[in-house]
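First the structure, in the form of structure tokens, and then the observations on it.
Letters go in sequence order (proteins before strands), and every chain restarts at 1. These figures come from a predicted structure and were not determined experimentally.
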2 protein chains.
Amino acid sequence: MDNRVYEVQAEYFKALSHPLRIRIVHYLKEGERCVCKIVPYLKEEQSNVSRHLAALKRAGILSSRKEGVSVYYRVQDENVYEILDLVLDSMKKAVREKAVILS
Amino acid sequence: MDNRVYEVQAEYFKALSHPLRIRIVHYLKEGERCVCKIVPYLKEEQSNVSRHLAALKRAGILSSRKEGVSVYYRVQDENVYEILDLVLDSMKKAVREKAVILS
DNA sequence: TGCTTATATGATTAAATGCTCATATATCAT
DNA sequence: ATGATATATGAGCATTTAATCATATAAGCA
């Protein structure tokens, strides 16, 4: 396999490698939201949220549209939820296995 | 959802957010391998590879066993392949969609 | 036009990451 | 015990990432 594949793949993982970005993706599960809603929900600095949104957009996970002075972000890559679920399931399974070992 | 969930989840993604680590996971697909095989395969510094292996192990993705002077690493979390495949499929789909837009 | 609000971006700083070189540790063979 | 080999780890440095503050840009309103 062309090694560059691993590089682009790594970029995707990097985009999800921050808790705040994962929270954003979850928050957008039910549909698009205005930045003006996302920021107070996360209770983080507006500029910081803006950069995390930009990172997710760069990775192709989110997309955005402008409406007047507002910007609405939405999930572009719906597969992201399947990926997030798989990771969570996988980690839960690991914990269960460890629990068995310790019991 | 408890926000700490996003933190542990992010750790998993971080573990896969480097091309070399993804290559390692792929290399171990057919079974465990000795570090003495992994290093020349990757053509990277032994100490560097050692650290990447440690990172994957910390994340629960790999495990290792010692045999004499050698150490064998193997995939502990088999779900990782499903996750890697999903990400790749998802990215391919995005490219196809973009191609349609540009055509 | 000038004012206000929403969002993005530049600059700075602190912290984390990745790499390399050198060295430590462990095991095995002589 | 000595030496050789495999792997891990400490120290140092360069790069990247994240956060914050301040400011730029753009749209809408008076």
Item to check | Residue A:Glu45, side-chain atoms from C-beta onward, closest of C:dA8, D:dA8, D:dT20 | outcome: D:dT20
Checklist outcome for this item: Closest to the 5' end of DNA chain D, once A:His18 and A:Glu67 are matched to their nearest nucleotides, is A:His18
Next on the checklist: For the CZ atom on B:Arg4, are there more than 12 heavy atoms of other groups (residues, nucleotides or ligands in this structure) within a distance under 6.0 Å?
Outcome noted: no
Checklist entry - B:Lys37 near the nucleic acid: base, sugar-phosphate alone, or nothing, with a heavy-atom cut-off under 4.0 Å? => result nothing
Checklist entry - Does B:Tyr6 have its ring centroid less than 6.0 Å away from the ring centroid of A:His18? => result no
Item to check | Rounded distance in Å - CG (A:Leu53) to P (C:dA6) | outcome: 16 Å
Next on the checklist: What is the distance, to the nearest angstrom, from the CZ atom on B:Arg65 to the P atom on D:dA8?
Outcome noted: 13 Å
Checklist entry - Do the side-chain N or O atoms of B:His52 get closer than 4.0 angstrom to the phosphate oxygens (OP1, OP2) of D:dT7? => result no
Checklist entry - At under 4.0 Å, does any side-chain N or O of B:Tyr73 touch on OP1 or OP2 of D:dA6? => result no
Checklist outcome for this item: B:Gln46 atom CD is separated from D:dT7 atom P, nearest whole Å, by 7 Å
Checklist entry - Just checking, is any N or O donor in the side chain of A:Lys57 or A:Ser64 under 3.5 Å from an acceptor N or O on the other one? => result yes
Checklist outcome for this item: Of A:Ser17 and B:Ser64, the one whose nearest nucleotide on DNA chain D sits closer to the 5' end is B:Ser64
Next on the checklist: Under 4.0 Å, counting only non-hydrogen atoms across every strand here, what does B:Ser70 touch: a base, just sugar-phosphate, or nothing?
Outcome noted: sugar-phosphate
Next on the checklist: Given 3.5 Å as the limit, does a donor-acceptor pair link the side chain of B:Arg21 with the main chain of B:Lys14, or not?
Outcome noted: yes
Checklist entry - Counting only N and O atoms by type, is there a donor-acceptor contact under 3.5 Å from the side chain of A:Gln9 to the main-chain atoms of B:Leu84? => result yes
Next on the checklist: Tell me the interatomic distance from B:Leu42, atom CG, to C:dG18, atom C1', rounded to whole angstroms.
Outcome noted: 15 Å
Checklist entry - In whole angstroms, how far is the P atom of D:dT17 from the CD atom of A:Glu44? => result 19 Å
Item to check | Contact under 4.0 Å: A:Lys66 side-chain N or O vs C:dA8 OP1/OP2 | outcome: no
Next on the checklist: At less than 4.0 Å, is any side-chain N or O atom of B:Asn48 found next to OP1 or OP2 of C:dC19? Yes or no.
Outcome noted: yes
Next on the checklist: For DNA chain D, which residues of residues 19-34 of chain A approach it to below 4.0 angstrom with any heavy atom?
Outcome noted: A:Arg21
Checklist entry - Rounded to whole angstroms, how far apart are NZ on A:Lys14 and C1' on D:dA18? => result 14 Å
Checklist entry - Atom CG of B:Leu56 to atom C1' of D:dT7: distance rounded to whole Å? => result 16 Å
Checklist entry - Thinking salt bridges, do A:Glu32 and A:Arg65 make one under a 4.0 Å N-O criterion? => result yes
Checklist entry - Is the base of D:dT20 touched by the side chain of A:Arg51 through a donor-acceptor pair closer than 3.5 angstrom? => result yes
Checklist entry - Any cation-pi pair here, A:Lys29 with A:Tyr81, using under 6.0 Å and within 45°? => result yes
Checklist entry - Any N or O donor-acceptor pair linking the side chain of B:Ser47 to the base of C:dC21 at under 3.5 Å? => result yes
Next on the checklist: Applying a 4.0 Å non-hydrogen cut-off, can you work out what A:Tyr72 is touching in the nucleic acid: base, sugar-phosphate, or nothing?
Outcome noted: nothing
Checklist entry - Is there a donor-acceptor contact under 3.5 Å linking the side chains of B:Arg33 and B:Tyr27? => result yes
